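Protein chains get the first letters and strands the later ones, always in sequence-line order, with residue 1 at the start of each. Keep in mind it's a predicted model, so treat the numbers as computed, not measured.
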There are 2 protein chains.
Amino acid sequence: MPDREAAQDQALGAAEELFYSRGIQAVGMDAVRNASGLSLKRLYQLFPSKEALVLQFLNRRDRQWRQALAHYVDSHTTPDEQVIAVFEWLHTWFSEPDYRGCAFINSFGELGGISPEVAAQARRHKQAFRDYLVALVTATGRPATLGDQLVLLAEGAITTAAITGSPQPATQARDAARLLMLAYSRHNRAHSDVSQ
Amino acid sequence: MPDREAAQDQALGAAEELFYSRGIQAVGMDAVRNASGLSLKRLYQLFPSKEALVLQFLNRRDRQWRQALAHYVDSHTTPDEQVIAVFEWLHTWFSEPDYRGCAFINSFGELGGISPEVAAQARRHKQAFRDYLVALVTATGRPATLGDQLVLLAEGAITTAAITGSPQPATQARDAARLLMLAYSRHNRAHSDVSQ
DNA sequence: CGCAGGAGAGAACGCTCGTTCTCACCTTGC
DNA sequence: GCAAGGTGAGAACGAGCGTTCTCTCCTGCG
């Protein structure tokens with residue numbers, strides 16, 4: 001049984017590339033077999049079913065995505081810069097040549113209606129991102145409300161960049177984020193009243 | 001040949017409900033047959049293939065969605081109110097019991113990687129929404145830049161509401177939109193400088 | 001009244017998918 | 001050296017898909 005962990009990683013790597021670029025249902029286990037170099041038998045002793053492979057793919061993707069984001073944000077020092085860094089990182093992500101949106105939004109759209117596990121995984125991922133961004137925002141002394149608004153800008157940029165094929169939404173979202181941060185800055189806070 | 005148009009509408013109505021709630025690939029032509037009450041033979045003489053049915057479904061959905069939005073917006077008078085009305089309408093949409101996000105984002109995630117036609121249809125729909133919102137924004141005397149930012153808020157609200165299952169993102173997006181409109185109002189315009 | 005033609009219901013076909021099985025082969029411990 | 005068990009390659013299987021075909025029935029017109 002040579003290196004179960006390495007084989008799993010190889011399978012998940014191949015599955016990620018295929019699932020992300022073509023969608024999940026359009027990719028058969030034969031394609032994963034060919035791309036990973038593993039035999040079907042080995043694949044099925046590493047993952048009991050395709051659904052298990054899909055869930056582990058989402059799990060791995062969640063870990064890697066959040067880690068890459070946090071790594072970039074950590075390279076910035078002030079809290080305000082760290083919030084803006086999120087949108088800068090989005091821009092580099094959108095610029096990847098085979099960028100095709102958020103794997104969790106895509107999976108939710110494709111399977112969320114028929115697979116509660118996939119829907120739950122998407123929910124967890126988005127919740128984790130929201131918690132992370134809200135923490136960055138509250139570290140600047142601003143309210144969580146702003147964090148939720150910035151989440152919407154980021155999510156909107158993710159799907160708009162995917163469909164238009166341009167990284168520009170990241171810049172637009174960053175500019176809007178700057179304006180909202182200004183609106184919520186200590187100096188302006190007393191004057192802000194957006195209630196009807 | 002009794003009423004080809006009515007039969008098409010019946011088929012498209014059934015297809016819409018199934019495709020939207022369960023995804024496209026998960027719905028077979030048999031399911032469309034059962035839901036529409038049409039025979040398979042009739043279905044195939046109305047639409048030459050499943051792909052044609054899918055594209056017409058997206059076409060119809062685009063028309064109906066934009067018409068419903070425009071109808072709600074038109075019931076408001078001032079340009080500023082009309083912009084905000086977009087987010088109010090989103091809230092009522094998100095509150096529908098079987099809301100499951102934007103059919104075009106979902107279709108793009110599921111089939112955009114393997115069907116250029118589906119990807120193009122999603123692009124067209126989002127472009128039309130963007131043009132509409134930008135027109136509403138410029139009618140208030142504010143720049144198109146703001147329109148693009150509000151598009152991101154709306155798109156983010158659409159997916160966040162779908163995944164979390166709550167209509168609350170519409171309210172958060174509306175509040176953020178109000179703040180951005182304030183930031184871009186004539187009074188503040190000279191002082192806004194968000195460049196790095 | 002008879003018959004041609006189209007419609008409905010669903011069986012059938014070819015294909016692909018997820019999953020399992022076969023079988024020859026290779027390793028490995030005694 | 002050899003039995004035993006695990007492996008790889010791919011065939012096989014059952015189910016489900018999109019699509020087409022069959023067959024029966026109904027309809028409407030001469």
Side-chain angles (χ1 to χ4, degrees), chain A residues 1-58 106-107 109-111 113-118 121, chain B residues 1-58 106-107 109-111 113-118 121:
Chain A
M1 193 188 291
D3 226 338
R4 181 183 177 90
E5 201 131 339
Q8 277 197 348
D9 238 50
Q10 198 161 351
L12 287 173
E16 169 161 4
E17 206 174 307
L18 291 168
F19 288 157
Y20 180 67
S21 66
R22 300 192 216 162
I24 291 173
Q25 312 213 60
V27 171
M29 292 296 275
D30 264 30
V32 177
R33 192 255 296 270
N34 288 338
S36 67
L38 272 53
S39 74
L40 267 186
K41 189 187 216 171
R42 191 111 171 81
L43 225 42
Y44 272 92
Q45 76 190 33
L46 294 170
F47 308 94
S49 67
K50 186 186 180 182
E51 173 148 14
L53 175 63
V54 169
L55 291 175
Q56 295 251 19
F57 144 66
L58 290 175
N106 294 350
S107 305
E110 183 172 357
L111 300 171
I114 56 178
S115 165
E117 292 90 348
V118 168
Q121 196 97 4
Chain B
M1 193 189 291
D3 225 340
R4 182 184 175 89
E5 201 130 342
Q8 276 196 350
D9 237 50
Q10 199 161 351
L12 287 172
E16 170 161 3
E17 205 174 307
L18 290 168
F19 287 157
Y20 180 67
S21 66
R22 300 191 217 162
I24 291 173
Q25 313 214 58
V27 171
M29 292 297 273
D30 264 30
V32 177
R33 191 255 298 270
N34 289 339
S36 67
L38 272 52
S39 76
L40 228 38
K41 190 187 216 173
R42 192 110 171 82
L43 225 40
Y44 271 93
Q45 74 190 33
L46 293 171
F47 308 93
S49 67
K50 185 186 179 182
E51 172 148 16
L53 175 63
V54 169
L55 292 176
Q56 295 251 21
F57 144 66
L58 291 175
N106 293 350
S107 305
E110 182 172 358
L111 299 171
I114 57 178
S115 166
E117 292 91 348
V118 168
Q121 196 97 3

Practice problem: Show your working on side chain to side chain contact (heavy atoms under 4.5 Å, CB included) between A:Phe47 and A:Leu55 and close with a plain yes or no. | Solution: CA-CA 10 Å; A:Phe47 308 94; A:Leu55 291 175; over 6 Å; no
Self-check item: Length of the line joining A:Phe47:CZ and C:dG18:C1', which is rounded to integer Å
Solution: 16 Å
Quiz item: Which of residues 9-19 of chain B sit near DNA chain D, with a heavy atom under 4.0 Å from it?
Solution: none
Quiz prompt | Min side-chain heavy-atom separation A:Gln121-A:Ser107 under 4.5 Å | solution = no
Self-check item: side chain to side chain contact (heavy atoms under 4.5 Å, CB included) between A:Gln25 and A:Leu111, worked out
Solution: CA-CA 9 Å; A:Gln25 312 213 60; A:Leu111 300 171; 3.7 Å; yes
Quiz item: What's the CD1-C1' distance between A:Ile114 and D:dG16, to the nearest Å?
Solution: 13 Å
Quiz item: Whole-Å distance between D:dG8 C1' and A:Leu46 CG?
Solution: 13 Å
Practice problem: Please name the pair of heavy atoms, one in B:Pro116 and one in B:Ile114, separated by the smallest distance, quoted to 0.1 Å. | Solution: CD-O, 3.7 Å
Quiz item: C:dA7 P sits how many Å from B:Leu43 CG, rounded?
Solution: 14 Å
Quiz item: Which whole-number value in Å describes the distance from A:Lys41 NZ to D:dA12 P?
Solution: 17 Å
Practice problem: State, yes or no, whether a side-chain contact exists between A:Phe19 and A:Asn106 at a heavy-atom distance under 4.5 Å. | Solution: no
Practice problem: Calculate the interatomic distance between B:Arg42 atom CZ and C:dG10 atom P; express it in whole Å. | Solution: 18 Å
Practice problem: Kindly give the heavy-atom pair with the smallest separation between B:Leu38 and B:Ala7, and that separation in Å. | Solution: CD2-O, 3.6 Å
Quiz item: Roughly how bent is the helix from C:dC1-D:dG30 to C:dC30-D:dG1 end to end, in steps of 10 degrees, with each end axis from five pairs?
Solution: 10°
Exercise. State, to 0.1 Å, how close B:Val32 and B:Ala14 come at their nearest heavy-atom pair, and which atoms those are.
Key: O-CB, 4.4 Å
Exercise. Might you point out which heavy atoms bring B:Arg33 and B:Ser39 nearest each other, and give the distance in Å?
Key: CG-C, 4.1 Å
Self-check item: Taking every non-hydrogen atom, the tightest pair across A:Gln8 and A:Leu46
Solution: NE2-O, 3.5 Å
Quiz item: Counting only N and O atoms by type, is there a donor-acceptor contact under 3.5 Å from the side chain of B:Glu110 to the main-chain atoms of B:Ile24?
Solution: yes
Exercise. Nearest whole angstrom, please: distance from the C1' of C:dG10 to the CG of B:Leu38.
Key: 15 Å
Below 3.5 Å between N/O atoms, which protein atoms pair up with nucleotides 17-19 of chain D? Just atom names and distances, please.
unit_1	atom_1	unit_2	atom_2	d
D:dG18	OP1	B:Lys50	NZ	2.6
D:dG18	OP2	B:Met29	N	2.6
D:dT19	OP2	B:Tyr44	OH	2.7
D:dT19	OP2	B:Lys50	N	2.8
D:dT19	O5'	B:Tyr44	OH	3.3

Practice problem: Mark yes when over 12 heavy atoms from residues, nucleotides or ligands other than B:Glu17 sit less than 6.0 Å from its CD; otherwise mark no. | Solution: no
